[in-house]
Protein chains: 2
Amino acid sequence: MISSIAELISDRIGAMPAGERRAAQTLIANYPLTGLKTVAEFSAAAGVSSPTILRFVARLGFQNYPEFQSALQDELAAQLQSPASRTLNPGSAGGAVSPMLEATLDNMRETFRHLTDKQLADIAARLAERRGKTFLIGGRFTDPLARYMAAHLAIIQPDVYHLAGQESIWRDRLIDMGKRDVLVIFDIRRYQESLVRFAEKAHHRGVQIILFTDQWLSPIARFARHVIAGRTAVPSAWDSSAALFVVAETLIGAVTRQLEAAGAKRIRDLESLR
Amino acid sequence: MISSIAELISDRIGAMPAGERRAAQTLIANYPLTGLKTVAEFSAAAGVSSPTILRFVARLGFQNYPEFQSALQDELAAQLQSPASRTLNPGSAGGAVSPMLEATLDNMRETFRHLTDKQLADIAARLAERRGKTFLIGGRFTDPLARYMAAHLAIIQPDVYHLAGQESIWRDRLIDMGKRDVLVIFDIRRYQESLVRFAEKAHHRGVQIILFTDQWLSPIARFARHVIAGRTAVPSAWDSSAALFVVAETLIGAVTRQLEAAGAKRIRDLESLR
DNA sequence: GGAACGCTGTATCTTATGTTACGTATTTTG
DNA sequence: CAAAATACGTAACATAAGATACAGCGTTCC
């Protein structure tokens with residue numbers, strides 16, 4: 001069975017004319033990058049003419065060059081999204097548990113790889129500056145994450161509200177929301193219409209939205225000031241929210257640190273209470 | 001110093017108009033693949049128009065779109081050649097994020113290292129066999145985990161209840177609990193007296209208790225049939241529940257798989273509903 | 001509340017990319 | 001060795017890509 005284009009090439013490279021073989025070797029040499037460039041660049045790199053490149057991809061079974069490039073991109077996408085955790089502790093390997101854990105660890109690394117310090121610091125700063133109120137809400141499976149975050153934030157600062165219950169209930173809370181306020185939304189596939197509607201209305205009221213979503217981006221991203229895209233794919237019937245959970249915890253920690261650094265009175269009061 | 005385009009983006013994303021910010025977020029969400037596609041595809045993915053994409057890359061300092069793509073390809077080439085550097089975003093290394101993430105990943109590895117497949121399989125089996133009811137409850141910060149687990153389990157099987165609200169409310173639910181029932185409790189430091197009391201009473205009624213706790217073990221461990229001890233230490237003012245969260249997700253997956261394997265009618269009915 | 005500014009999308013244009021046709025060179029085969 | 005078949009490159013073509021001009025709209029700031 002042939003799964004990757006690289007395999008396909010090495011499978012057929014023997015039956016290729018000289019020019020096309022040069023093309024193949026050039027592509028393999030730094031796979032798959034050469035294939036993502038233009039035909040002209042590819043041909044120049046291989047030292048052959050453009051038509052030879054086209055005949056080469058045709059021989060591989062592709063209808064045209066763009067189709068070939070799409071295939072390469074898909075392959076690359078799959079590769080980038082699951083870096084195939086080689087760095088895993090071998091002690092836990094072997095069982096049925098391991099694939100799940102491995103995927104989760106990969107998801108977290110990937111999620112944070114796309115997340116810079118600055119982004120997180122910006123979001124944390126926005127959450128820490130007490131200009132207005134903070135609202136949190138989530139979807140069917142992610143609402144617990146909103147609760148978790150709210151439970152922590154509500155301790156270190158005032159005016160933190162988790163929006164619970166039925167749609168009509170939190171829709172009425174829109175009245176309280178304005179430009180100075182922040183709305184944290186958790187929404188992963190399958191995206192909930194009620195949340196999108198709510199986000200849109202909040203956005204029109206000038207509320208700044210911080211969105212936790214998956215890599216396919218909830219439609220709410222359209223209205224969001226900040227978007228955190230977490231990886232959710234695991235070998236399970238369900239998607240995993242673990243990466244988003246860790247981002248949430250990281251943010252909670254960052255906000256706490258910022259408030260401490262700012263010498264917030266509330267924090268000192270809290271410590272004296274313990 | 002800015003070395004990667006991803007960094008460049010997150011550096012300037014704050015100063016971007018809404019449309020371009022959307023483009024930026026879409027690109028970051030699955031970086032760098034979207035940037036390698038055509039302007040039309042990029043714009044479609046981001047839900048904005050082509051000119052917005054072009055203005056976006058112009059703002060990043062590129063003369064034209066091909067130049068932008070070349071830069072992405074160069075970056076990708078460097079990454080593909082040294083996979084080690086790919087593990088973490090160099091931008092976030094050394095920052096405040098990395099220690100938190102590292103600690104969390106370590107916690108998970110450690111947690112699962114002390115957790116055998118058999119333990120998890122036993123617990124999953126206990127949750128999957130539908131002899132009685134399943135109750136879930138958590139403490140101040142861990143109750144969201146109970147909710148999260150309940151939200152999933154309640155779908156694949158009947159008689160799953162999350163115990164919410166005030167102590168008096170769930171204390172009264174004890175009446176419904178018996179030998180055939182399971183109680184899942186989340187309790188980490190500082191352990192809540194109310195939960196301990198509740199666990200003790202449930203235990204005396206013959207309820208089987210599955211406890212999620214930290215490595216120092218909640219006093220409830222005394223009454224529990226199964227104990228899952230997760231690592232919680234992170235460089236933050238708060239403890240991390242992330243490891244427990246992942247165990248919960250793993251269990252949810254395992255229970256689902258067992259029910260599927262058993263050919264549970266409910267699972268088939270569910271699938272026909274979708 | 002009005003005016004200026006800036007952002008965004010539609011439509012048009014231009015560029016350059018992929019594609020194809022054809023003639024020459026090279027190899028293969030009888 | 002000759003003839004056929006195949007491979008390859010040059011050059012012209014059509015298409016689709018990126019770029020630009022402009023008008024409408026929302027936002028902000030007097």
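These numbers come from a predicted model, not from an experiment. So you know, we letter chains A, B, ... as the sequences are listed, proteins then strands, and number each from 1.
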Between Y191(A) and D214(A), does any side-chain donor sit less than 3.5 Å from a side-chain acceptor?
->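 Yes, D214(A) and Y191(A) have a side-chain donor paired with an acceptor closer than 3.5 Å.
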Should the pair F68(B) and F42(B) be assigned to parallel (<30°), tilted (30 to 60°) or perpendicular (>60°) ring geometry?
->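 If you compare the ring of F68(B) with that of F42(B), the planes turn out parallel.
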Aromatic ring pairing F141(B)/H152(A), orientation class (parallel under 30°, perpendicular over 60°, tilted between) =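 Answer is parallel, since the angle falls under 30°.
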In whole angstrom, give the distance that lies between atom [atom1] of [X] and atom [atom2] of [N].
X       : N       : atom1 : atom2 : answer
K179(A) : dT28(D) : NZ    : P     : 7 Å
L54(A)  : dC8(D)  : CG    : C1'   : 13 Å
E67(A)  : dA16(D) : CD    : P     : 15 Å
R59(A)  : dC8(D)  : CZ    : C1'   : 12 Å
I53(B)  : dA17(D) : CD1   : P     : 15 Å
N64(B)  : dT20(D) : CG    : P     : 9 Å
F56(B)  : dA19(D) : CZ    : C1'   : 17 Å
Y65(B)  : dA16(C) : OH    : C1'   : 16 Å

Would you say the side chain of R55(A) and the base of dG9(D) hold a donor-acceptor pair, judged only by whether the two atoms sit under 3.5 Å apart?
->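 In this structure, the two groups form a donor-acceptor pair.
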Tell me which of V39(B) and E20(A) sits closer to the 5' end of DNA chain D, going by the nucleotide each one is nearest to.
->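 Residue closer to the 5' terminus by nearest nucleotide: E20(A).
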When all nucleic acid strands are considered with a 4.0 Å heavy-atom cut-off, which category describes P17(A): base, sugar-phosphate, or nothing?
->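 Sugar-phosphate contact only - P17(A) comes under 4.0 Å of backbone atoms but never of a base.
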Roughly how far, to the nearest 0.5 Å, is CZ of R59(A) from CE of M16(A)?
->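 The CE atom of M16(A) sits 6.5 Å away from the CZ atom of R59(A).
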Would you indicate, yes or no, if dA7(D) has its OP1 or OP2 atom less than 4.0 angstrom from a side-chain nitrogen or oxygen of T52(A)?
->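 No, because none of the side-chain N or O atoms of T52(A) sits under 4.0 Å from OP1 or OP2 of dA7(D).
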With respect to the phosphate group of dG18(C), does any side-chain polar atom (N or O) of S50(A) fall under 4.0 Å of OP1 or OP2?
->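 No, because none of the side-chain N or O atoms of S50(A) sits under 4.0 Å from OP1 or OP2 of dG18(C).
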E200(A) bridged to R222(A) by N-O distance under 4.0 Å =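 Answer for the salt bridge query: no.
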Along DNA chain C (nearest heavy atom to each residue), the more 5'-positioned of E41(A) and S49(B) |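 Between the two, 5'-proximity favours S49(B).
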What nucleotide among dT10(C), dT19(C), dG18(D) has an atom nearest to a side-chain atom of T38(B)?
->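 Side chain of T38(B) sits closest to dG18(D).
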Of the nucleotides dC8(D), dT10(C), dG9(D), which has the atom closest to the P51(B) side chain?
->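 The listed nucleotide nearest to P51(B)'s side chain is dT10(C).
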